[in-house]
Novice: 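Have a look at this one.
Note that the structure is predicted; figures quoted are calculated from it, not measured.
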Amino acid sequence: MGSRPLTKPGAVLLSFLDPALRVRALSFSRLVANYLALTKPRVTSLVVFTAVVTLVLAPGHVAPIVGVATIVCITIGAGAASALNMWYDADVDALMTRTAARPIPVGRVSAEAALAFGLVMAAISVLSLGAMTNVAAAGLLAFTIFFYVVVYTAWLKRSTPQSIVIGGAAGASPPVIVWIAVTGQLGLEPLLLFLIVLFWTPPHFWALSLNRTSDYRRARIPALPAVSGQSETTKQILIYTLLLLPISLLPWLFGFVTAFYAGVAGASSTTMLVLALRLRRGGIARREAANQLFAFSICYVILLFGALLVEKVIFA
């Protein structure tokens with residue numbers, strides 16, 4: 001006897017609806033999924049994770065409503081920046097294998113709708129953060145969205161192979177935004193976290209782009225591998241990974257954390273350096289080495305910020 005196919009819970013619920021209502025429900029769920037895809041959930045989730053950890057690290061008592069509002073506003077703001085990035089990059093996204101299936105290139109969301117969606121979310125995030133926390137935090141969030149969409153996406157990405165080095169500042173800013181939102185002032189600790197993410201971004205992105213050189217050339221995007229070749233790219237990856245090792249230890253060197261964090265950061269940075277060295281050696285395994293470095297680079301941020309979280313919860 002054949003086994004019955006497994007059915008998703010949502011499909012079971014929809015089966016009880018009138019056919020017309022079922023079609024509407026399915027259409028609505030697809031619509032939500034398409035607009036959610038515009039926010040780049042996987043990228044945004046990593047950004048939000050660094051923001052949540054920073055919120056826990058912030059000194060003093062943070063009112064729960066302020067903390068939740070800060071994280072929600074940063075989440076919405078990051079999603080808005082991603083949606084506006086997809087709106088502007090729809091032409092090149094259609095030419096690249098990795099991005100060709102995004103909502104705008106395939107026609108699931110119109111460019112006009114994506115633009116409106118991004119602008120409305122950006123306005124909501126900035127105005128809400130200003131109302132719930134302070135103008136400085138809201139201003140920095142607004143500048144971060146502007147920087148990512150206008151400076152990085154519209155200008156640097158299409159003009160220089162070093163775009164990710166400068167543009168990485170946008171993805172590194174959430175710890176600073178959170179700190180200002182809940183304390184009302186800038187501190188050294190969030191700046192160190194900013195530096196870690198800033199120097200982590202180039203090797204993370206270049207490891208991804210190494211195996212997609214043809215995509216960037218087809219789209220005429222001057223990514224480092226497409227402009228300078230694999231050898232120069234692996235060299236730059238190694239340089240930034242070497243710099244990342246001492247930078248990752250700065251929170252410990254400045255006395256903000258204990259040896260537990262230093263151990264995690266040291267081991268993680270060393271592992272990333274070993275992977276970068278393997279990639280630099282090249283050979284037939286270069287594609288595999290690039291994929292491994294990219295995969296670990298995601299784990300790297302989780303490990304370092306996770307260690308900071310453990311420090312605050314257990315060792316504080």
Side-chain angles (χ1 to χ4, degrees), residues 40 43-44 46-47 50-51 54 74 77-89 91-93 96 98-99 118 122 126 139-180 186 190-210 212-213 215-217 219-230 232-248 250 272 276 290 293-294 297-298 300-301 304:
K40 299 183 182 178
V43 176
T44 300
L46 201 59
V47 169
T50 65
T54 306
I74 288 176
S82 295
L84 293 171
N85 167 271
M86 283 200 189
W87 162 74
Y88 192 87
D89 273 351
D91 57 337
V92 296
D93 281 350
M96 301 175 66
R98 182 174 65 90
T99 57
V126 172
L140 183 54
L141 177 59
F143 177 76
T144 299
I145 296 171
F146 170 85
F147 186 85
Y148 182 70
V149 176
V150 178
V151 178
Y152 168 69
T153 303
W155 176 30
L156 296 175
K157 183 176 179 179
R158 304 190 185 212
S159 62
T160 172
Q162 294 299 315
S163 60
I164 198 64
V165 176
I166 306 169
S173 63
V176 182
I177 297 173
V178 169
W179 199 274
I180 294 176
L186 185 60
L191 288 177
L192 298 182
L193 301 183
F194 172 88
L195 282 177
I196 291 173
V197 179
L198 183 68
F199 278 82
W200 161 87
T201 302
H204 165 73
F205 175 80
W206 286 331
L208 171 67
S209 61
L210 262 176
R212 293 169 171 80
T213 303
D215 266 0
Y216 287 102
R217 286 175 178 162
R220 297 184 179 179
I221 297 295
L224 189 61
V227 173
S228 302
Q230 291 193 346
E232 179 62 23
T233 302
T234 58
K235 176 184 174 182
Q236 292 296 319
I237 287 174
L238 183 58
I239 290 172
Y240 276 91
T241 307
L242 278 168
L243 292 172
L244 184 60
L245 177 54
I247 289 172
S248 70
L250 288 177
M272 194 159 168
L293 177 58
F294 173 72
S297 67
I298 298 174
Y300 179 86
V301 173
L304 260 65

Novice: Considering all heavy atoms of both residues, which atom of Thr44 and which atom of Ser82 are nearest to each other, and what is their separation?
Specialist: OG1-OG, 4.1 Å
Novice: Testing the basics here: between Pro174 and Val47, what is the closest heavy-atom pair and its distance to 0.1 Å?
Specialist: CG-CG1, 3.3 Å
Novice: So which of Pro225, Pro203, Pro202 actually passes side-chain contact (heavy atoms from CB on, under 4.5 Å) with Thr233?
Specialist: Pro225
Novice: Starting at CG of Leu46, measure out to NZ of Lys40 and round the result to the nearest 0.5 Å.
Specialist: 13.5 Å
Novice: Please walk me through it: do Val165 and Gln236 pass side chain to side chain contact (heavy atoms under 4.5 Å, CB included)?
Specialist: CA-CA 11 Å; Val165 176; Gln236 292 296 319; over 6 Å; no
Novice: Kindly indicate whether the side chain of Ile164, heavy atoms from C-beta on, has any atom under 4.5 Å from the side chain of Trp206.
Specialist: yes
Novice: What distance do Ser173 atom OG and Ile145 atom CD1 have between them, rounded to the nearest 0.5 Å?
Specialist: 9.5 Å
Novice: Leu84 versus Phe146: any side-chain heavy-atom pair under 4.5 Å?
Specialist: no
Novice: Measuring only between side-chain heavy atoms, which start at C-beta, is Arg158 closer than 4.5 Å to Asp89?
Specialist: yes
Novice: Sequence neighbours excluded, which residues qualify as side-chain contact (heavy atoms from CB on, under 4.5 Å) partners of Ala219?
Specialist: Val92, Leu95, Met96, Ile221
Novice: Write down the atom of Asp93, the atom of Thr99, and the distance for their closest heavy-atom approach.
Specialist: O-OG1, 2.9 Å
Novice: If you measure from CG on Leu224 to OH on Tyr216, what distance do you get to the nearest 0.5 Å?
Specialist: 11.0 Å
Novice: His204 vs Trp200 aromatic rings, parallel, tilted or perpendicular, using cut-offs 30° and 60°?
Specialist: parallel
Novice: Quick one: are Ser248 and Tyr300 in side-chain contact, heavy atoms under 4.5 Å?
Specialist: yes
Novice: Which heavy atom of Pro222 sits nearest a heavy atom of Arg220, and at what distance?
Specialist: CD-O, 3.7 Å
Novice: Minimum heavy-atom separation for Thr144 and Ala170, please, with both atom names.
Specialist: CG2-O, 3.5 Å
Novice: Any side-chain heavy-atom pair from Leu191 and Trp179 closer than 4.5 angstrom?
Specialist: no
Novice: Can you check whether Leu210's main-chain N or O pairs, donor with acceptor, with Thr213's side chain at less than 3.5 Å?
Specialist: yes
Novice: How long is the gap from CG on Leu192 to CG on Leu198, to the nearest 0.5 Å?
Specialist: 12.5 Å
Novice: Atom CH2 of Trp87 and atom CG of Asn85: how far apart are they, to the nearest 0.5 Å?
Specialist: 11.0 Å
Novice: Is there a side chain to side chain contact (heavy atoms under 4.5 Å, CB included) between Ile177 and Phe194? Walk through the geometry before answering.
Specialist: CA-CA 10 Å; Ile177 297 173; Phe194 172 88; over 6 Å; no
Novice: Measuring from atom CD1 of Ile196 to atom OG1 of Thr201, what distance do you get when rounded to the nearest 0.5 angstrom?
Specialist: 11.5 Å
Novice: Quick one: are Leu238 and Lys235 in side-chain contact, heavy atoms under 4.5 Å?
Specialist: no
Novice: Excluding sequence neighbours, so at least two apart, what forms side-chain contact (heavy atoms from CB on, under 4.5 Å) with Ser163?
Specialist: Tyr152, Leu156, Thr160
Novice: Closer than 3.5 angstrom, by distance alone: can the side chain of Thr153 be matched with the main-chain N or O of Tyr148 as a donor-acceptor pair?
Specialist: yes
Novice: Side chains of Thr50 and Leu193, heavy atoms from C-beta outward: is any pair under 4.5 Å?
Specialist: no
Novice: Of the non-hydrogen atoms in Gly118 and Ala83, which two are nearest, and what is the gap between them?
Specialist: CA-CB, 4.1 Å
